[in-house]
Amino acid sequence: MNLLRTKSVEQSIRDTEEPGHQLRRDLSALDLVVFGVGVIIGTGIFVLTGQVARDKAGPAVAISFVLAAIVCGLAALCYAEFSSTIPVAGSAYTYSYATLGEFPAWIIGWDLVLEFALAAAVVSVGWSGYAVSLLDDAGVTLPASIIHPPGESGGVVNVPAILLVLAVTGLLVLGVKVSSRVNAVIVAVKVFVVLLVIVAGLFFVKGANYHPFIPPSESTPSVEGGAAPLMQVLFGVTPVSYGWLGIFAAVAVVFFAFIGFDIVATAAEEARRPQRDLPIGLIGSLVITAVLYAAVSVVVAGMQNYKQLSVDAPLAEAFKAAGHPGFSTVISIGAVAGLTTVVLILLLGQSRVFFAMSRDGLLPAWLSAVHPRFGTPYRSTVIMGVIVATIAGLIPLAKLAELVNIGTLFAFLVVSVGVLILRRTRPELPRAFRTPLVPLVPVLSVLACLFVMINLPVDTWLRFLAWLAVGAVIYFTYGHRRSRLRERQSQHCPSQPDPPVNSTSA
């Protein structure tokens with residue numbers, strides 16, 4: 001079995017032109033930037049700022065956000081080169097197929113299923129909480145049985161989360177341009193709310209709350225068992241809050257805030273000018289959101305002493321502490337809008353990964369069918385929407401949320417390695433965007449991802465490895481035997497060289 005057979009860049013591009021498997025190219029560079037901003041601004045800005053400032057970094061939480069953005073930025077430069085060279089749906093899965101081989105590509109694709117689907121479920125549950133809170137403020141109280149999953153506060157099923165996922169799924173089926181227009185409107189609302197928080201909050205900032213900006217380090221009790229960070233288990237490192245070690249520890253937490261920018265790459269086949277538009281979408285959205293995150297965290301830490309910040313609703317509580325509770329409703333509206341677009345774009349990315357994997361034969365081929373009218377992979381979209389809705393409505397997700405981080409970091413790491421491999425094996429390929437300072441930037445990206453990964457708990461690693469093991473079983477029982485690449489290679493003896501890439505038509 002040749003588990004490391006690679007799919008050429010040329011073949012990947014030719015597959016996008018097959019009848020019945022062609023996605024509609026409707027997205028501009030601005031659409032892609034808005035997609036990126038839409039998926040990144042969410043939980044991080046409305047929740048993580050208070051939690052990380054209070055427990056780990058103090059007022060210096062802005063530094064943690066900037067460092068997390070740098071880690072993602074290194075990976076984004078690698079994604080930008082790949083997406084402009086191989087403008088094909090599937091993101092890290094497609095790039096791995098061209099560099100590492102079929103089995104590693106399957107593992108990455110299976111990993112992306114975990115990242116996108118689970119993240120969409122987690123965020124939809126968060127959306128449900130904010131939506132229920134807004135309804136309560138309006139005098140509409142929903143029974144606990146329909147707003148919590150089984151086992152939580154007398155819940156039976158989380159109906160709001162299910163309805164959100166199903167509504168977003170229907171929107172995605174109708175077409176990527178329709179989805180992008182709705183996304184643009186909602187993103188405008190939440191960016192307005194974020195800017196309002198920044199500008200209004202400046203009037204309530206107290207200089208004393210910034211002193212000390214980097215609080216002195218404090219040892220925290222060692223965490224036992226699977227909840228301990230892998231770094232503590234392997235190297236015997238004592239957990240620390242505050243100080244520079246606290247800032248670095250916070251990076252592993254706030255990294256969740258930037259998850260999703262890589263989804264821009266999954267829309268490669270739907271970009272009008274992918275060689276130009278995809279690097280702009282990837283890097284532009286990351287820069288914009290990094291500035292907004294840093295600004296919000298600086299303002300919130302200045303409005304209220306970091307040890308008094310709320311871990312559930314830090315922005316709203318900071319305004320209440322300043323004597324302006326009316327802002328909390330506005331912030332809740334921004335959170336509902338923000339989380340709606342996050343779920344929308346996560347499901348978009350998930351369906352495109354499934355589409356690419358099924359087109360390659362590693363999943364059933366009927367999943368890659370494109371709707372004749374809407375030009376969308378409607379079957380994979382509907383199936384994943386139903387699965388995510390079920391998870392969001394019925395399964396408590398508190399511990400599983402950390403799996404999203406490790407899955408994303410693993411994909412970033414593989415893409416960074418892939419840039420080095422493709423530069424060596426196919427140096428002649430036309431590259432509209434080239435990652436600067438190769439091999440330095442990809443190597444730094446790999447090291448940064450590994451550093452953040454070892455700060456995650458041991459039980460997260462164990463669950464992640466178990467998920468990959470399940471994926472390996474599926475590959476060997478189905479995907480390996482049905483692979484279209486395997487069939488092509490068995491029919492071509494000797495194999496014919498691929499024609500050169502036409503970068504303009506790609």
Donor-acceptor contact present, side-chain W110 to main-chain L468, <3.5 Å: no
Interatomic spacing from CD1 in I345 to OG1 in T340 - rounded to 0.5 Å: 10.5 Å
Between OG on residue S145 and CG on residue N158, distance to nearest 0.5 Å: 11.0 Å
Check: V156 and I146 side chains under 4.5 Å, non-hydrogen atoms: no
Over all atoms of both residues, closest heavy-atom pair of V165 and V343: CG2-CG1, 4.5 Å
Flag side-chain contact, heavy atom, 4.5 Å: L422 against Y95: no
Separation of L315 CG from I198 CD1 (nearest 0.5 Å): 10.0 Å
Exercise: identify the closest heavy-atom pair between A76 and L286: CB-CD2, 3.9 Å
Would you tabulate the side-chain donor-acceptor contacts of residues 435-449 under 3.5 Å, counting partners in other chains and residues two or more places apart, or write 'none'?
from, atom 1, to, atom 2, distance (Å)
T435, OG1, L77, O, 2.8
T435, OG1, E81, OE1, 3.1
S445, OG, S416, OG, 2.7

Steps toward side-chain hydrogen bond (donor to acceptor under 3.5 Å, both in side chains) verdict (D31, S28): CA-CA 5 Å; D31 291 327; S28 65; 3.1 Å; yes
R434 side, atom CZ; S84 side, atom OG - distance, nearest 0.5 Å: 9.5 Å
Side-chain heavy-atom pair F35, S285 within 4.5 angstrom cut-off: no
Can you give me every donor-acceptor pair (side chain of residues 200-218, partner residue at least two apart or in another chain, under 3.5 Å) with its distance?
from, atom 1, to, atom 2, distance (Å)
N209, ND2, G302, O, 2.8
Y210, OH, V298, O, 2.6

Nearest non-hydrogen partners of F116 and L346, listed with the distance: CB-O, 3.8 Å
Side chain to side chain, F258 and T408, heavy atoms closer than 4.5 Å: no
Pairwise distance CD1(I162) to CD1(I391) - rounded to 0.5 angstrom: 11.5 Å
Which atom of V342 lies closest to which atom of G38, heavy atoms considered: CG2-O, 3.4 Å
Within-4.5 Å side-chain heavy-atom neighbours: L195 and L292: yes
Non-hydrogen atoms of A265 and L278 that approach each other most closely: CA-CD2, 4.4 Å
Separation between SG of C72 and CD1 of I40, rounded to the nearest 0.5 Å: 7.5 Å
Check: L347 main-chain N/O paired with S351 side-chain donor or acceptor under 3.5 Å: yes
Side-chain heavy atoms of Y79 within contact of S91, under 4.5 Å: yes
Identified side chain to side chain contact (heavy atoms under 4.5 Å, CB included) counterpart of V417 within the set L420, I421, V414: I421
Test log, rule side-chain contact (heavy atoms from CB on, under 4.5 Å), inputs F327 and L196: CA-CA 9 Å; F327 278 97; L196 178 64; 4.2 Å; yes
Where at least one partner belongs to residues 185-203, residue pairs that pass side chain to side chain donor-acceptor pair (under 3.5 Å), sequence neighbours excluded: K190-T341
Side chains of L282 and F433 in contact at under 4.5 Å (non-hydrogen atoms): no
Heavy-atom pair with the smallest gap, counting every atom of I108 and S96: CG1-OG, 3.5 Å
Verdict with reasoning, S297 to T49, per side-chain contact (heavy atoms from CB on, under 4.5 Å): CA-CA 6 Å; S297 58; T49 47; 4.2 Å; yes
Residues which pass side chain to side chain contact (heavy atoms under 4.5 Å, CB included) with W461, listed by chain and number, not counting sequence neighbours: L230, I406, M453, L456
Candidate pair F412 and L74, rule side-chain contact (heavy atoms from CB on, under 4.5 Å), full reasoning: CA-CA 9 Å; F412 287 1; L74 293 170; over 6 Å; no
T289 side chain to I41 backbone, donor-acceptor under 3.5 Å: no
Minimum side-chain heavy-atom gap F410-I107 below 4.5 Å: yes
Pairs satisfying side chain to side chain donor-acceptor pair (under 3.5 Å), at least one member in residues 246-268, at least two apart: none
Quick one: side chains of residues 245-256, donor-acceptor pairs under 3.5 Å with protein atoms, not counting sequence neighbours, listed by atom name and distance.
none

Derivation of the side-chain contact (heavy atoms from CB on, under 4.5 Å) call for F464 and L114: CA-CA 9 Å; F464 178 62; L114 176 75; 4.0 Å; yes
